[in-house]
Participant: 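Pasting a structure here, questions to come.
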Amino acid sequence: MGASQLPLDQFFETHEPRKKKEKPIKKEEEIIKTEKINDVEVKAPLTAENAAYLLSVEYNGKKGCAAARFYNPRDHLIHFWYDNSEHHPYCFSNIPIEELKKNTKITGHRGFLDIQTAEKQDLLQDRTTQMTKIIAKDPLSIGGTTGAIRELLPAAWEANIPYHKCYIADLELTPGLLYEVTDERLKNVTTVPEKIKDEISRLFEEEPNEVKELLVEGLPLFLSPIPDIKRAAIDIEVISPFVDAIPRPEQANFPVGCISIVASDGTKRILLLDNKDFERGEIQENLEGVSIEYFNEEKELIREIFQVFDEFPVILTYNGDKFDLLYLYNRALNHLGFRRDEIPIIIRKDFVALVRNFHVDLYRFFNNRAVQIYAFSAKYKTTDLNAVTKALLGIEKIKVEQPLSKLPLLDLASYCYRDGEITLDLTRYSQNLVWKLIMLLMRISHLPLEDVTRQGVSSWIQNLFYYEHRKKGFLIPRPEDIKEAKGEEASTQAIIKGKKYKGAIVIDPVPGVHFDVVVLDFASLYPSIIKVHNLSYETVRCPHEECKQNIIPDTDHWVCKKQRGLAGLIIGFLRDIRLKWFKPQSKNRILGKETQELFYVVQQALKLIINAFYGVFGAEHFPLYCLPVAESTTALGRHIITQTIEKAKNMGISVIYGDTDSVFLENPSESQIEDLKRWCQETLEIDLDIDKVYRYVALSERKKNYLGVYGSGSVDIKGLTGKKRHTPLFLQDAFFEMMDVLSEVKVQDDFETARNRIRTIVKTCLDKLKNLEYSLEELAFRVQMTRHLKSYQKTTPQHVKAARLLERDVEPGSIISFVKIKGEPGVKPIEIASIDEIDTEKYKNAVESTFVQVLDALNIDFGSIIGIRRLDLFM
DNA sequence: GCGGACTGCTTACCT
DNA sequence: ACAGGTAAGCAGTCCGCG
């Protein structure tokens with residue numbers, strides 16, 4: 001297959017002219033130096049029989065070159081490979097080479113190596129341009145130190161790309177794929193089953209060559225087997241005398257009392273500091289089959305865990321970057337007298353790494369908003385370990401009644417073990433779904449393992465773009481180049497104050513109950529728009545006079561008719577291969593469970609990237625930020641939904657609601673649906689699909705707020721207060737009781753009985769409230785503190801008021817549980833409130849407004865439901 | 001001095 | 001550290017009120 005003849009040499013000839021073998025060929029040992037972990041170096045070349053998966057590239061300062069790390073699935077070890085292609089860091093200047101050669105500051109720079117001319121394609125101007133390539137001995141000489149080469153130039157291109165990413169792009173490497181070394185070169189040896197390759201290729205027969213090239217490049221990423229890399233989760237507990245304060249990893253003042261190690265090879269260990277002041281307690285149920293090892297000295301315990309780090313190619317933690325590994329490092333170095341070289345941990349700028357293998361902090365991965373929303377449909381709302389495992393695995397952390405530092409040793413061990421176990425399981429459940437997802441995202445973004453799990457979607461997409469630029473010989477524009485070429489003015493005005501441009505539209509709902517509602521939506525609307533309308537930073541407001549007539553509706557922007565835009569090309573390909581192959585085939589039983597599962601994860605990974613594409617063009621910190629692209633995308637989106645609604649109305653269909661990319665149709669006939677779909681396909685070139693069919697939908701006049709009941713009786717609740725996570729539990733419960741009632745409604749007449757049952761629910765709820773039969777926990781509003789307590793300067797929201805009454809540190813992200821009380825200050829955290837302080841009047845209002853949202857839609861008056869007299873009585 | 005109208009801040013949600 | 005749009009509740013401000 002194509003990828004097995006990776007055109008490295010060809011690449012170097014066209015884009016990377018290299019001095020022809022002036023240097024003596026290195027001896028094999030030097031070229032293929034692999035290291036067995038534990039510092040025992042062995043020669044284990046990456047041969048065809050010994051091929052290994054590329055996991056990362058980094059710059060090795062000692063050796064002065066790029067170092068790649070591979071996972072060998074046979075010995076489960078990490079192997080190192082050092083660059084032998086004489087690749088060096090570089091950047092570009094637009095100053096002619098002769099002139100630059102005279103600049104002695106540059107040619108005399110201590111890191112200066114060479115200077116060359118380079119022909120590059122300038123996409124913004126749509127022309128080729130002569131650039132001067134300045135090559136340096138080390139990355140810091142290009143940038144990152146004072147007086148670096150990029151600072152000596154009036155303007156430098158491609159000077160801000162971290163060297164390891166640069167190396168990956170230039171050698172066209174794909175982390176996550178299988179490599180061997182032949183003829184002293186890294187060679188991708190991934191193979192794709194011929195049959196599948198042929199079938200997919202057929203689907204792309206009509207596509208232009210550029211797309212076919214992407215296909216050849218892309219298929220191995222999606223189809224090659226994903227290694228189930230041996231990995232261990234670790235979790236540490238610190239014995240602190242302070243009950244409420246979480247130990248500070250920077251200080252690491254208290255001993256590490258317990259460490260759990262739970263690994264994919266079946267390893268189950270607990271390392272315990274045998275503290276004689278502590279009660280031992282009894283062995284817990286979940287510790288069966290776990291090896292519990294006692295240490296008299298903390299130093300020995302730490303030494304043991306450092307040893308363990310070397311036994312596994314990948315160490316998993318949950319928040320290890322900010323806590324566990326940082327704590328271990330500082331504890332070992334500053335309190336236990338370890339030498340730096342005895343600690344296998346490196347504190348890097350943005351994360352904590354391991355010297356010889358990999359540290360994956362799952363907290364950072366699950367905290368990624370795109371992962372949370374697109375991969376896991378926002379099943380977890382907060383990203384603490386408990387919330388995530390509860391949502392994904394159905395398992396929770398062990399609940400403890402007393403502070404951790406007061407627990408008997410074996411209870412602590414049990415608690416710690418569970419944390420390790422669920423951390424590992426997060427990567428293992430559903431046939432390693434999360435692990436496979438990570439590996440696929442690595443391949444698609446071409447980012448190393450440690451980067452892809454920590455960086456956001458903008459960085460994934462940035463790297464994917466840069467990779468394609470380098471591969472095609474396109475000059476990567478600087479942010480200011482894009483700004484200058486496109487202007488900074490938006491041509492639309494946002495509805496929300498402080499936003500940069502206008503977004504989607506939401507159709508005013510037609511209030512009331514509507515039976516037999518069909519919801520149609522445009523499949524990945526924004527990605528489709530970007531593809532179909534050729535939107536990209538270089539094509540929107542392109543330099544050609546003749547394209548200026550090609551206006552995007554509702555804006556002053558135009559789009560290129562001459563060149564295919566890179567964004568549209570890439571996203572179009574990713575979208576098409578997902579829709580045409582992976583999504584349908586993931587449901588194809590004939591392929592067998594394993595393949596189906598792989599395809600499911602692939603389409604999930606693609607969805608993640610695809611959905612984020614539009615957003616990054618509107619994000620100022622994205623290096624290819626281009627407001628006109630984002631603005632054109634939403635403008636076309638508005639145009640498309642508006643046209644569709646117009647058409648539907650002309651066809652006599654009643655459109656009762658719509659939001660961004662969806663239209664709610666009341667009781668349309670099948671032929672009407674078909675006609676509308678065909679019209680969209682033919683006129684707008686975007687596919688309109690049936691998303692869901694409701695038995696009935698209840699709409700109020702509020703947007704983004706509705707209730708739909710499916711034929712099966714299950715209820716879809718959108719935006720209603722009763723479902724929001726800060727709503728007190730007693731109210732959520734009453735609300736869901738009402739939902740149960742509504743799910744049984746089949747025809748209009750059923751609302752009569754429903755109404756009576758709802759009346760009972762509301763009355764019971766209000767009665768229990770009046771008699772204070774609810775607990776403080778049930779009455780608590782649970783609101784997240786998104787920032788540090790002191791940062792609330794402008795106003796003091798209630799949850800902040802409550803948090804301040806706690807008189808302790810409250811970490812950003814934590815949930816404050818508070819109740820509303822009579823008199824000042826109006827709220828109290830449940831920790832210090834008592835039931836007789838409750839302000840029932842305020843709660844009554846909350847009950848009313850929650851129910852009113854639904855009753856409004858059913859055209860039922862809240863007063864009538866509980867009876868006006870009751871309301872008076874209540875007060 | 002106080003309440004209503006208004007704006008702004010904050011959170012949680014929708015697409 | 002991907003976007004904008006909407007709802008709700010409260011905090012804070014301004015204005016009128018002989």
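Order of the sequence lines sets the chain letters (A, B, ...), proteins ahead of strands, with each chain counted from 1.
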Participant: Return yes if a side-chain donor-acceptor contact under 3.5 Å exists between A:Thr317 and A:His359, otherwise no.
Facilitator: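 Per modelled atom types, A:Thr317 and A:His359 side chains form a pair under 3.5 Å.
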
Participant: Salt bridge or not for A:Asp554 and A:Lys502, using N-O below 4.0 Å?
Facilitator: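 A salt bridge is absent here (no side-chain N lies under 4.0 Å from a carboxylate O).
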
Participant: Rounded to the Å, how far apart are A:Ile815 CD1 and B:dT11 P?
Facilitator: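 Taking atom P of B:dT11 as the reference, CD1 of A:Ile815 is at 11 Å.
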
Participant: So, does A:His799 get its side chain near the phosphate of B:dT11, meaning an N or O under 4.0 Å from OP1 or OP2?
Facilitator: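 For B:dT11, OP1 or OP2 has a side-chain N or O of A:His799 closer than 4.0 Å.
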
Participant: Have a look at A:Ile495 and say if it touches a base, only the backbone sugar-phosphate, or nothing, with a 4.0 Å heavy-atom cut-off.
Facilitator: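 Counting heavy atoms under 4.0 Å across all strands, the contact made by A:Ile495 is with sugar-phosphate only.
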
Participant: Suppose we screen for salt bridge (Lys or Arg N to Asp or Glu O under 4.0 Å). Which residues come up paired with A:Asp384, at least two apart in sequence or across chains?
Facilitator: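 Partners of A:Asp384 under the salt bridge (Lys or Arg N to Asp or Glu O under 4.0 Å) test: none.
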
Participant: If each of A:Lys497 and A:Ala504 is mapped to the nucleotide of DNA chain B with the nearest heavy atom, which maps nearer the 5' terminus, i.e. the 5' end?
Facilitator: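 By nearest-heavy-atom nucleotide position, the 5'-most residue is A:Lys497.
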
Participant: I want to verify a distance call: between C:dG4, B:dT11, C:dA7, whose nearest atom is closest to the A:Thr786 side chain?
Facilitator: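 My answer, after comparing the listed nucleotides, is B:dT11.
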
Participant: Quiz question: by atom type and distance under 3.5 Å, do the side chains of A:Asp716 and A:Tyr710 form a donor-acceptor pair?
Facilitator: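 Checked: A:Asp716/A:Tyr710 side chains pair up, N/O donor to acceptor below 3.5 Å.
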
Participant: Which nucleotide wins on minimum distance to the side chain of A:Lys703, given the candidates C:dG9, C:dT6, B:dT11?
Facilitator: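 When the side chain of A:Lys703 is considered, C:dT6 is the closest of C:dG9, C:dT6, B:dT11.
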
Participant: Reckon A:Tyr657 has a side-chain N or O less than 4.0 Å from the OP1 or OP2 of C:dT6?
Facilitator: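 Indeed not, no polar side-chain atom of A:Tyr657 lies that close.
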
Participant: Please work out if A:Ser849 contacts a base, only the sugar-phosphate, or nothing of the nucleic acid, heavy-atom cut-off 4.0 Å.
Facilitator: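 Sugar-phosphate contact only - A:Ser849 comes under 4.0 Å of backbone atoms but never of a base.
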
Participant: Where the side chain of A:Asp659 is concerned, which of C:dC2, B:dT15, C:dA7 is the nearest nucleotide?
Facilitator: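 From the listed options, B:dT15 comes nearest.
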
Participant: Given B:dA12, is OP1 or OP2 found less than 4.0 Å from the side-chain N or O atoms of A:Arg782?
Facilitator: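 So the side-chain polar atoms of A:Arg782 never come under 4.0 Å of the phosphate oxygens OP1 or OP2 of B:dA12.
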
Participant: Are the aromatic rings of A:Phe613 and A:Tyr526 close, with centres under 6.0 Å apart?
Facilitator: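 Distance test on ring centres: not under 6.0 Å, no.
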
Participant: Measure from CD1 on A:Ile496 to P on B:dC14 and round the result to the nearest Å.
Facilitator: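 Nearest whole value for this atom pair: 15 Å.
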
Participant: Would you say A:Lys704 places a side-chain N or O within less than 4.0 Å of OP1 or OP2 belonging to B:dC14?
Facilitator: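 Negative; the distance criterion is not met.
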
Participant: If every non-hydrogen atom of A:Leu123 is compared with every non-hydrogen atom of A:His469, which pair is closest and at what distance?
Facilitator: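 Of all heavy-atom pairs spanning A:Leu123 and A:His469, the closest is CD1-NE2, 3.9 Å.
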
Participant: Provide, to the nearest angstrom, the distance between the CZ atom belonging to A:Arg369 and the P atom belonging to C:dC2.
Facilitator: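 Nearest whole value for this atom pair: 8 Å.
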
Participant: Over all strands shown, is A:Arg638 touching base, sugar-phosphate only, or nothing at heavy-atom distances under 4.0 angstrom?
Facilitator: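 No contact at all - A:Arg638 keeps every heavy atom at 4.0 Å or more from the nucleic acid.
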
Participant: Going by atom types alone, do A:Ser700 and A:Asp856 pair a side-chain donor with an acceptor below 3.5 Å?
Facilitator: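 The criterion, which ignores hydrogens and geometry beyond distance, is not satisfied for A:Asp856 and A:Ser700.
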
Participant: Can you sort out which residues in residues 715-738 of chain A have a heavy atom within less than 4.0 Å of DNA chain B? Ascending by number, please.
Facilitator: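 A:Ile717, A:Lys718, A:Gly719, A:Lys723, A:Lys724, A:Arg725, A:His726 - these, ordered by number, are the residues of the stretch whose heavy atoms sit under 4.0 Å from the strand.
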
Participant: Closest nucleotide of DNA chain C for A:Lys502 versus for A:Val616: which of these residues is on the 5' side?
Facilitator: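 By nearest-heavy-atom nucleotide position, the 5'-most residue is A:Val616.
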
Participant: Using ring centroids (six-membered ring only for Trp), state whether A:Tyr843 and A:Phe781 fall under 6.0 Å.
Facilitator: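 Under 6.0 Å, so yes.
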
Participant: Kindly list each side-chain donor-acceptor pair under 3.5 angstrom involving residues 723-731 of chain A, sequence neighbours excluded, with atom names and distances?
Facilitator:
unit_1   : atom_1 : unit_2   : atom_2 : d
A:Lys723 : NZ     : A:Ile717 : O      : 2.7
A:Arg725 : NH2    : A:Gln784 : OE1    : 2.8
A:Thr727 : OG1    : A:Thr721 : O      : 2.7
A:Thr727 : OG1    : A:Lys724 : O      : 3.4

Participant: Nearest whole Å is fine: how far is B:dC13 C1' from A:Ile373 CD1?
Facilitator: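 One finds 11 Å between C1' of B:dC13 and CD1 of A:Ile373, rounded.
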
Participant: Distance alone, cut at 3.5 Å: any donor-acceptor contact between the side chains of A:Tyr694 and A:Lys692?
Facilitator: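 Yes, a side-chain donor-acceptor pair sits under 3.5 Å.
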
Participant: How about A:Phe622 and A:Tyr537: are their ring centroids closer than 6.0 Å?
Facilitator: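 No, they do not, as the ring centres are separated by 6.0 Å or more.
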
Participant: Please state how far atom CZ in A:Phe351 lies from atom P in C:dA1, giving the value in whole angstrom units.
Facilitator: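 Distance, rounded to whole Å: 14 Å.
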
Participant: Roughly, in whole Å, what's the span from OH in A:Tyr792 to C1' in B:dC9?
Facilitator: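 A:Tyr792 atom OH is separated from B:dC9 atom C1' by 10 Å.
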
Participant: Fit a plane to each ring of A:Phe366 and A:Phe376, take the angle between them on a 0 to 90° scale, and name the class: parallel (under 30°), tilted (30 to 60°) or perpendicular (over 60°).
Facilitator: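 A:Phe366 vs A:Phe376 ring planes: tilted.
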
Participant: Counting the atoms with a prime plus P, OP1 and OP2 as sugar-phosphate, which does A:Lys842 contact under 4.0 Å by heavy atoms, base, sugar-phosphate, or nothing?
Facilitator: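 Answer is nothing: A:Lys842 stays at 4.0 Å or more from every strand.
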
Participant: Tell me if a side-chain donor or acceptor on A:Ser817 pairs with a main-chain N or O of A:Arg782 at a distance below 3.5 Å.
Facilitator: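 Answer holds: no.
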
Participant: Would you jot down, in residue-number order, the residues of residues 617-627 of chain A having a non-hydrogen atom under 4.0 Å from DNA chain C?
Facilitator: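 Under 4.0 Å from DNA chain C: A:Gly618, A:Ala619, A:His621.
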
Participant: So A:Tyr526, base contact, sugar-phosphate only, or nothing? Heavy-atom distance under 4.0 Å.
Facilitator: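 Here A:Tyr526 touches no strand at all.
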
Participant: Taking DNA chain C as the partner, which of residues 570-577 of chain A come within under 4.0 angstrom of it by heavy atom?
Facilitator: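 Contacting residues: none.
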
Participant: OP1, OP2 of B:dC14 versus side-chain N and O of A:Arg702: anything below 4.0 Å?
Facilitator: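 Checking A:Arg702 against B:dC14: no side-chain N or O falls below 4.0 Å of OP1 or OP2.
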
Participant: Is A:Ser662 touching bases, backbone alone, or none of the nucleic acid, heavy atoms closer than 4.0 Å?
Facilitator: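 It contacts nothing in the nucleic acid.
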
Participant: Quick test: give all pairs of protein nitrogen or oxygen and nucleotides 11-14 of chain C nitrogen or oxygen below 3.5 Å, distance rounded to 0.1 Å.
Facilitator:
unit_1 : atom_1 : unit_2   : atom_2 : d
C:dA11 : OP1    : A:Lys801 : NZ     : 2.8

Participant: Let me know the distance between CD of A:Gln784 and C1' of B:dA12, rounded to the nearest Å.
Facilitator: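 It is 10 Å, rounded to the nearest whole Å.
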
Participant: Starting at CG of A:Asp661 and ending at P of C:dA3, how long is that distance when rounded to a whole Å?
Facilitator: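 Value for this atom pair: 18 Å.
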
Participant: Taking any heavy-atom pair under 4.0 Å as a contact, classify A:Gly615: base, sugar-phosphate, or nothing.
Facilitator: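 It contacts base atoms.
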
Participant: Can you tell whether the side chains of A:Lys531 and A:Asp576 come within less than 4.0 Å, N to carboxylate O?
Facilitator: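 Salt bridge present between A:Lys531 and A:Asp576.
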
Participant: Between A:Arg364 and A:Thr453, is any side-chain donor less than 3.5 angstrom from a side-chain acceptor?
Facilitator: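 No, A:Thr453 and A:Arg364 have no side-chain donor paired with an acceptor closer than 3.5 Å.
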
Participant: Of all the heavy-atom pairs spanning A:Leu742 and A:Val709, show the shortest one and how long it is.
Facilitator: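 A:Leu742 and A:Val709 have their closest heavy atoms at O-CG2, 4.0 Å.
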
Participant: Pick base, sugar-phosphate or nothing for A:Phe522, based on heavy-atom distances below 4.0 Å to the nucleic acid.
Facilitator: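 No contact at all - A:Phe522 keeps every heavy atom at 4.0 Å or more from the nucleic acid.
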
